[in-house]
Protein chains: 2
Amino acid sequence: MTTSEAAAGPALAAAAARLRVAVPSVADRVAAELRLQLAEGLLLPGARLTESTIAEDLGVSRNTVREAFAELAAERLVVRHPNRGVFVASLEAGDIHDVYTVRRAIEVSAISGGGSPERVAAVRAAVEEGKAAAAANDEEGLGNANQHFHGAIVALAGSRRLDTIMSQVLAEMRLFFHKATVDAHFYRGYLPDNEEICSALEAGDLDRAGELLLAYLNRSEERQAAVHGE
Amino acid sequence: MTTSEAAAGPALAAAAARLRVAVPSVADRVAAELRLQLAEGLLLPGARLTESTIAEDLGVSRNTVREAFAELAAERLVVRHPNRGVFVASLEAGDIHDVYTVRRAIEVSAISGGGSPERVAAVRAAVEEGKAAAAANDEEGLGNANQHFHGAIVALAGSRRLDTIMSQVLAEMRLFFHKATVDAHFYRGYLPDNEEICSALEAGDLDRAGELLLAYLNRSEERQAAVHGE
DNA sequence: AATCGTCGGATTGTTGAACAATCGGAGAAA
DNA sequence: TTTCTCCGATTGTTCAACAATCCGACGATT
């Protein structure tokens with residue numbers, strides 16, 4: 001394989017890699033299914049995930065479910081209590097600050113680097129997506145657009161590792177939101193912020209974009225703490 | 001359980017949590033053993049890890065080894081090639097920049113927050129640890145002290161999540177170092193930097209500390225790229 | 001009545017064996 | 001040399017079993 005790769009160049013290798021991920025293992029598919037149910041709020045924080053039940057429901061072996069659990073536990077979406085089982089993770093008051101600490105570090109750093117025009121365009125696209133959702137009164141779409149916006153900001157850095165870290169953090173937050181339903185106008189207030197941040201980014205005023213983003217995150221954390229925290 | 005916890009207060013709950021981690025599962029112990037061998041360079045990047053071999057060597061089942069692999073893969077220490085096996089991860093040229101992008105985001109953000117006196121003291125302790133190792137001509141100790149230094153900087157933020165991210169990144173870098181042995185004075189040149197950064201931190205000049213740290217990371221990345229990159 | 005053991009059922013942790021699917025390489029054929 | 005085919009080895013997955021552990025219920029003691 002290494003010889004054929006060297007001969008055929010990186011194009012084929014990339015295609016092979018794409019084909020590989022196109023046929024994920026059963027354990028990966030189980031993990032994906034559970035991730036989906038978690039994101040959709042079908043599995044609420046604190047809920048218990050019984051191995052045998054999931055194994056039956058999805059028609060796979062218990063061991064395979066176990067491997068899927070290992071994946072999800074590594075992503076903090078699920079918590080293992082030895083000899084007791086795995087439970088859907090539930091963020092406590094302290095976790096809110098923790099998550100936002102990560103977001104501040106990653107997002108502010110990413111935006112301060114600027115990023116290529118295509119990536120800036122992706123940020124703009126997320127802003128417009130949010131506006132469209134607002135116009136359509138699509139609350140869920142508004143939330144998704146907001147996550148896309150922040151994901152696009154991190155993507156400015158062009159770092160695989162930062163991207164995966166961010167997507168994990170966003171998955172955690174998504175989980176968290178299902179705990180207490182947010183009011184209908186929760187995200188709407190953030191639209192002008194996103195617009196302003198994006199404009200500063202497009203104008204090349206990275207310092208200002210960074211400051212706005214930081215202020216936004218601080219405000220967002222306060223709000224989250226007020227809604228959930230004690 | 002919840003009732004007794006509520007009655008006994010957080011002290012007992014913390015003790016229980018401590019006892020829990022004190023009895024890790026077999027899979028966790030296997031993962032820990034492999035992590036150790038990886039850190040010590042016993043398993044070099046690119047090396048193949050055969051399930052049955054490891055299962056025999058450690059006297060555990062293949063399924064258990066598999067669970068351990070899932071852990072390590074989530075930490076990027078190991079790469080799974082479907083139907084071919086798992087291999088010790090080997091950082092390519094692009095990964096160097098990627099890893100340093102994460103470090104810049106996390107470390108600079110952490111130091112800009114300052115941190116409690118105890119945590120600043122931990123940074124100072126790492127600096128002194130490095131000086132002692134230099135005096136003793138202990139190259140390995142010098143490397144460890146350097147990692148402790150940067151770990152202590154991230155710990156300033158007091159974020160569990162940032163800490164685990166950082167330790168994973170450091171584990172990746174440790175792996176990377178074994179690929180090509182660094183020259184004896186590789187770390188020694190960084191001692192004055194660490195001292196200066198620590199002094200600025202202690203003096204409360206966070207802006208300066210952040211700038212110094214950023215410059216350090218940029219220089220370090222250049223050097224790594226020169227040694228390994230293409 | 002409240003607390004404290006004790007017991008039993010249920011679930012997890014781990015093992016061992018089995019089988020299909022897949023891969024890489026060795027050798028045969030062109 | 002290049003290509004094709006086949007074989008051995010390893011992975012992916014399942015199944016069944018067992019010990020260890022936990023939870024809750026039931027009953028005994030003060």
Side-chain angles (χ1 to χ4, degrees), chain A residues 1-8 12-13 15-34 46-74 78-88, chain B residues 1-8 12-13 15-34 46-74 78-88:
Chain A
M1 171 185 160
T2 52
T3 60
S4 67
E5 255 181 20
L12 268 188
R18 238 180 292 125
L19 285 178
R20 286 256 163 70
V21 301
V23 187
S25 72
V26 175
D28 287 336
R29 269 178 289 161
V30 170
E33 172 63 25
L34 291 177
R48 179 173 185 179
L49 301 181
T50 307
E51 295 181 357
S52 50
T53 303
I54 294 180
E56 283 181 30
D57 288 355
L58 301 183
V60 300
S61 162
R62 239 183 86 210
N63 281 336
T64 303
V65 173
R66 225 143 202 296
E67 278 196 48
F69 281 171
E71 274 189 48
L72 298 177
V78 127
V79 180
R80 275 195 124 118
H81 289 236
N83 288 317
R84 303 212 312 125
V86 316
F87 300 80
V88 178
Chain B
M1 168 189 158
T2 51
T3 61
S4 69
E5 255 181 19
L12 267 190
R18 238 179 291 125
L19 286 178
R20 287 256 163 70
V21 302
V23 186
S25 72
V26 176
D28 287 336
R29 269 178 288 161
V30 170
E33 172 62 27
L34 291 176
R48 177 172 186 179
L49 301 180
T50 307
E51 295 181 356
S52 50
T53 304
I54 295 181
E56 282 180 31
D57 288 355
L58 301 183
V60 299
S61 162
R62 240 185 86 210
N63 281 331
T64 303
V65 174
R66 223 145 203 297
E67 278 197 49
F69 280 171
E71 273 189 49
L72 299 176
V78 127
V79 180
R80 275 195 124 115
H81 289 236
N83 289 316
R84 301 211 315 124
V86 316
F87 300 80
V88 178

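Below, read A as the first sequence line, B as the second, and so on, with proteins coming before strands; counting in each chain starts at 1.
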Revision key, fill the gap. Taking every heavy atom of B/V78 against every heavy atom of B/V88, the minimum-distance pair comes out as CG2-CA, 4.2 Å

Review point. Reading nucleotides 4-16 of chain D from the 5' end, what letters show protein touch, with B for base, S for backbone sugar-phosphate only, - for no heavy atom under 4.0 Å?
Key: ------SBBBBB-

Scan the side chains in residues 54-62 of chain B for donor-acceptor partners under 3.5 Å anywhere in the protein, sequence neighbours excluded, and list what turns up.
{"residue": "B/S61", "atom": "OG", "partner": "B/N63", "partner atom": "N", "Å": "3.2"}
{"residue": "B/R62", "atom": "NE", "partner": "B/E51", "partner atom": "OE1", "Å": "2.9"}
{"residue": "B/R62", "atom": "NH2", "partner": "B/E51", "partner atom": "OE1", "Å": "3.2"}

Review point. Looking at residues at least two apart in the chain, or sitting in another chain, which of them share a side-chain contact (heavy atoms from CB on, under 4.5 Å) with B/S25?
Key: B/A27, B/D28

Study note, to complete from the structure: With B/F69 as partner, the option from B/V30, B/T64, B/L49 fulfilling side-chain contact (heavy atoms from CB on, under 4.5 Å) is B/L49

Study note, to complete from the structure: Scanning both residues in full, the closest heavy-atom pair of B/A31 with B/L72 reads O-CD2, 3.9 Å

